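On a predicted model such as this, the values are computed, not experimentally measured, just so you know. Throughout, protein chains are lettered first and strands after them, A, B, ... in sequence-line order, and every chain is numbered starting at 1.
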Amino acid sequence: MRALGPGFFDRSVHEVAPDLVGCTVVHGDTAGVIVETEAYDATDPACHAFGGRTPRNEVIFGLPGLAYVYLSYGIHSLLNAVAEADGRAAAVLVRALEPVAGIALMRRRRPGQPDRELCSGPGKLTQALGIGLELNGASLSEPPLAILARDDGWAGVELVAGPRIGITKATELPWRYSAAGNGFVSRPRPA
DNA sequence: GCCAGGATCGTCT
DNA sequence: GACGATCCTGGCG
């Protein structure tokens, strides 16, 4: 399998977000297949970059193919992939993974959780993979952090688009993408 | 199983 | 000084 390069991310975030479903996030010895993503762009009131560039959100405006990691609710690190050309603000939030490697290590990082809960939320998957704020601005194309291209088995998987979760602005935009029929989505999928 | 409430802190007004 | 792109626990049925 091959790591996705900047070219993959240098497109509309609304193409990148659905295309990331089925790709594999690797960090260290742990890895999981993406089953749910959300798109954010500069026209979107729910996006951190809406309303201007600050030191915090600077990475979103930068080069495609980098990781944007930030702290939510003072507790959870959330992982995003920066999309679109340098100077344009857009990113894809990784909401849920299906664990595929390093599962024993994930269990150790998330004691007491059943396997299907190891990566079934944006804060959970960063804990399971050991992704923290120190990876903000890191490349997604080379170790220790990478996103690998989808393999052929996912070519025909049906994608469902629905409203985004956990936000209070622009909740009507159907910019959440999940793989239908898997047990690892972070919330029940839309009807 | 479902729901309500608390945790916890960087960032911006 | 308020507010999150969330998660976990405890109470109840």
Side-chain angles (χ1 to χ4, degrees), chain A residues 9 12-14 16-18 20-21 23 25 27 30 32 34-62 64 66-84 88-99 106-138 140 145 147 160-179 183-191:
Chain A
F9 298 95
S12 164
V13 70
H14 303 295
V16 173
L20 279 175
V21 175
C23 296
V25 177
H27 182 233
T30 56
I34 298 172
V35 294
E36 188 169 1
T37 62
E38 285 178 359
Y40 291 84
D41 74 24
T43 68
D44 171 8
C47 181
H48 286 174
F50 183 81
R53 189 169 188 152
T54 69
R56 176 205 194 190
N57 62 31
E58 184 178 334
V59 173
I60 302 180
F61 289 83
L66 301 185
Y68 170 55
V69 183
Y70 77 97
L71 190 65
S72 177
Y73 291 87
I75 305 175
H76 305 290
S77 301
L78 270 57
L79 173 66
N80 299 250
V82 176
E84 305 195 7
R88 296 176 56 90
V92 179
L93 171 67
V94 179
R95 279 198 66 84
L97 303 177
E98 177 178 340
M106 293 182 188
R107 290 194 191 110
R108 210 175 319 143
R109 286 171 172 155
R110 293 182 46 71
Q113 298 298 314
D115 283 6
R116 63 181 301 119
E117 306 283 329
L118 287 175
C119 297
S120 62
K124 300 178 189 180
L125 69 91
T126 55
Q127 187 187 357
L129 298 209
I131 293 170
L133 298 180
E134 70 279 5
L135 291 172
N136 186 37
L140 291 170
L145 183 61
I147 297 182
V160 179
R164 292 174 297 177
I165 300 279
I167 56 176
T168 59
K169 299 167 192 163
T171 55
E172 73 284 0
L173 298 175
W175 290 356
R176 175 168 68 120
Y177 304 95
S178 53
F184 294 91
V185 292
S186 59
R187 297 283 179 89
R189 62 180 184 277

note: A/Arg109, atom CZ; C/dC7, atom P; distance rounded to Å ~ 17 Å
From OH of A/Tyr70 across to P of B/dG10 the rounded distance in Å is 15 Å
Answer for the Watson-Crick or wobble partner of B/dT8, both distances under 3.5 Å, is none
What is the distance, rounded to the nearest whole Å, between atom CG of A/Leu79 and atom P of C/dT6? 14 Å
Could you tell me the separation between the CG atom of A/Leu71 and the P atom of C/dC7, rounded to a whole number of Å? 13 Å
Does a side-chain N or O of A/Ser72 approach OP1 or OP2 of C/dG4 to a distance below 4.0 Å, or not? no
Choose from C/dT6, B/dG10, C/dC7 the nucleotide whose nearest atom is closest to any side-chain atom of A/Leu78. C/dT6
Check whether A/Asn80 reaches the backbone of A/Ala91 with its side chain - one donor and one acceptor, N or O, closer than 3.5 Å. no
Nearest to the A/Cys47 side chain among B/dC12, C/dA5, C/dC8, which nucleotide is it? C/dA5
Side-chain contact check for A/Tyr73: nearest option of C/dA5, C/dT6, B/dT11 is C/dT6
Give A/Arg164 one of three labels, base, sugar-phosphate or nothing, depending on what nucleic acid heavy atoms sit under 4.0 Å from its own. nothing
Nearest-angstrom distance from the residue atom OH of A/Tyr68 to P of C/dA5: 9 Å
Just how far, in rounded Å, is P of C/dC3 from CD1 of A/Ile75? 17 Å
A/Gln127 (side chain) donor-acceptor with A/Arg109 (main chain) under 3.5 angstrom: yes
If each of A/His76 and A/Leu133 is mapped to the nucleotide of DNA chain B with the nearest heavy atom, which maps nearer the 5' terminus, i.e. the 5' end? A/His76
Ignoring the backbone of A/Pro55, work out which of C/dA5, B/dC12, C/dC8 is nearest its side chain. B/dC12
Separation of A/His48 atom NE2 from B/dT11 atom P, in whole Å? 11 Å
Can you find a side chain N or O atom of A/Arg187 that sits less than 4.0 Å from OP1 or OP2 on C/dT6? no
Donor-acceptor check, side chain of A/Arg164 to backbone of A/Arg176, threshold 3.5 angstrom: yes or no? no
For the pair A/Leu135 and A/His27, evaluate side chain to side chain contact (heavy atoms under 4.5 Å, CB included) and give the outcome as yes or no after the intermediate values. CA-CA 10 Å; A/Leu135 291 172; A/His27 182 233; 3.6 Å; yes
What's the closest nucleotide to the A/Thr54 side chain, out of C/dA5, C/dC7, B/dT11? B/dT11
Separation of B/dT11 atom C1' from A/Arg56 atom CZ, nearest Å, is 6 Å
I want to check one thing: is the phosphate of C/dC8, taken as OP1 and OP2, less than 4.0 Å away from some side-chain N or O of A/Arg110? yes
The answer to which of A/Ile167 and A/Gln127 contacts DNA chain C further toward the 5' end, by nearest nucleotide, is A/Ile167
What is the distance from atom OH of A/Tyr40 to atom CD1 of A/Ile60, rounded to the nearest 0.5 Å? 10.5 Å
